[in-house]
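Side chains included, hydrogens not; waters and symmetry mates left out as well; all remaining heavy atoms used.
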Amino acid sequence: MNEKKRLSVEYTMFSILEYLCINSQSGPVSKYHILTKITVIKQQRHDRVTEILNILEENGLISSARLADSTFYEITNKGNEVYHKWVKDFLDFVRSM
């Protein structure tokens, strides 16, 4: 049986935060880029990813800017601190299991 792997909201959220921490240093990243370049979340529904991005922004971990037809995201100083303080260790632990 070919069963789809479901990821927790937390794991998806932390993976997005990690990606933005690593890749938005040179500039904002589009939602399309997030959806296609983060391999562990490629199976996630677009609306679920949008909801997660909104949660991260509401908590001040990322910021967004709407340009033309796209929204671009980048990590904030707070998001960077949280990632390096404990999210990175959590993801390393989960991925080692």
Side-chain angles (χ1 to χ4, degrees):
M1 178 184 262
N2 190 4
E3 191 174 315
K4 287 184 177 180
K5 183 178 181 182
R6 301 272 185 227
L7 301 174
S8 72
V9 172
E10 296 82 8
Y11 183 81
T12 303
M13 184 180 298
F14 297 157
S15 295
I16 291 171
L17 192 63
E18 174 183 57
Y19 186 82
L20 289 174
C21 185
I22 294 167
N23 293 287
S24 73
Q25 299 300 322
S26 60
V29 176
S30 71
K31 180 180 169 188
Y32 173 79
H33 193 93
I34 291 167
L35 288 166
T36 58
K37 298 295 182 181
I38 306 175
T39 56
V40 296
I41 69 164
K42 282 186 178 182
Q43 298 298 322
Q44 299 301 311
R45 293 186 343 247
H46 294 258
D47 61 325
R48 185 176 188 200
V49 172
T50 299
E51 184 178 320
I52 290 169
L53 289 167
N54 290 337
I55 291 168
L56 289 170
E57 186 170 17
E58 288 168 6
N59 286 284
L61 302 174
I62 66 171
S63 63
S64 69
R66 183 122 175 104
L67 303 172
D69 294 334
S70 296
T71 303
F72 293 85
Y73 299 90
E74 61 187 338
I75 196 155
T76 62
N77 287 337
K78 180 180 177 182
N80 198 31
E81 289 172 14
V82 167
Y83 173 75
H84 287 289
K85 186 173 183 179
W86 64 271
V87 171
K88 182 181 181 313
D89 290 337
F90 174 83
L91 288 172
D92 290 342
F93 171 74
V94 169
R95 290 172 181 156
S96 71
M97 299 310 272

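- Between the side chains of Thr50 and Lys31, at least one donor N or O lies within less than 3.5 Å of an accepting N or O.
- Applying the salt bridge (charged side-chain N to carboxylate O under 4.0 Å, His left out) criterion to Lys88, with sequence neighbours excluded, gives Asp92.
- The aromatic ring centres of His46 and Tyr32 sit 6.0 Å or more apart.
- For the salt bridge (charged side-chain N to carboxylate O under 4.0 Å, His left out) test, no residue two or more places apart in sequence or in another chain qualifies with Asp69.
- Taking the side chain as every heavy atom from C-beta outward, Leu61 and Ile75 never approach each other to under 4.5 Å.
- Contact between Ile34 and Tyr73 at its shortest, heavy atoms only, is CD1-CD1, 3.9 Å.
- Taking the side chain as every heavy atom from C-beta outward, Tyr19 and His33 approach each other to under 4.5 Å.
- Residues Ser15 and Ile41 share a closest heavy-atom pair of CB-CG2, 4.4 Å.
- Under the 4.5 Å side-chain heavy-atom criterion for Ile, Leu, Val, Met, Phe, Trp and Tyr, Phe72 and Leu20 are members of distinct hydrophobic clusters.
- The minimum heavy-atom distance between Ile55 and Met13, with the atom names listed, is CG2-CE, 3.7 Å.
- Listed by chain and number, the residues in a side chain to side chain contact (heavy atoms under 4.5 Å, CB included) with Glu74 are Ser24, Pro28, Ser63 (sequence neighbours excluded).
- The neighbour count for Asp47 CG, taken as heavy atoms of other residues, nucleotides or ligands under 6.0 Å away, is above 12.
- Taking CG of Asn23 as the start and CD of Glu18 as the end, the distance is 9.5 Å to the nearest 0.5 Å.
- For the pair Ser70 (side chain) and Leu67 (backbone), a donor-acceptor distance under 3.5 Å is absent.
- If you take CD on Glu57 and CG on Leu53, they are separated by 8.5 Å, rounding to the nearest 0.5 Å.
- Residues Ile62 and Thr76 come closest through the heavy atom pair C-CG2, 3.6 Å.
- Closest of all the heavy-atom pairs between Gly60 and Lys78 is O-CB, 3.6 Å.
- Separating the OG1 atom in Thr12 from the CD atom in Glu51 is a distance of 11.0 Å, to the nearest 0.5 Å.
- Tested against Phe14, the residues Val9, Ile52, Val87 include a single side chain to side chain contact (heavy atoms under 4.5 Å, CB included) partner, Val87.
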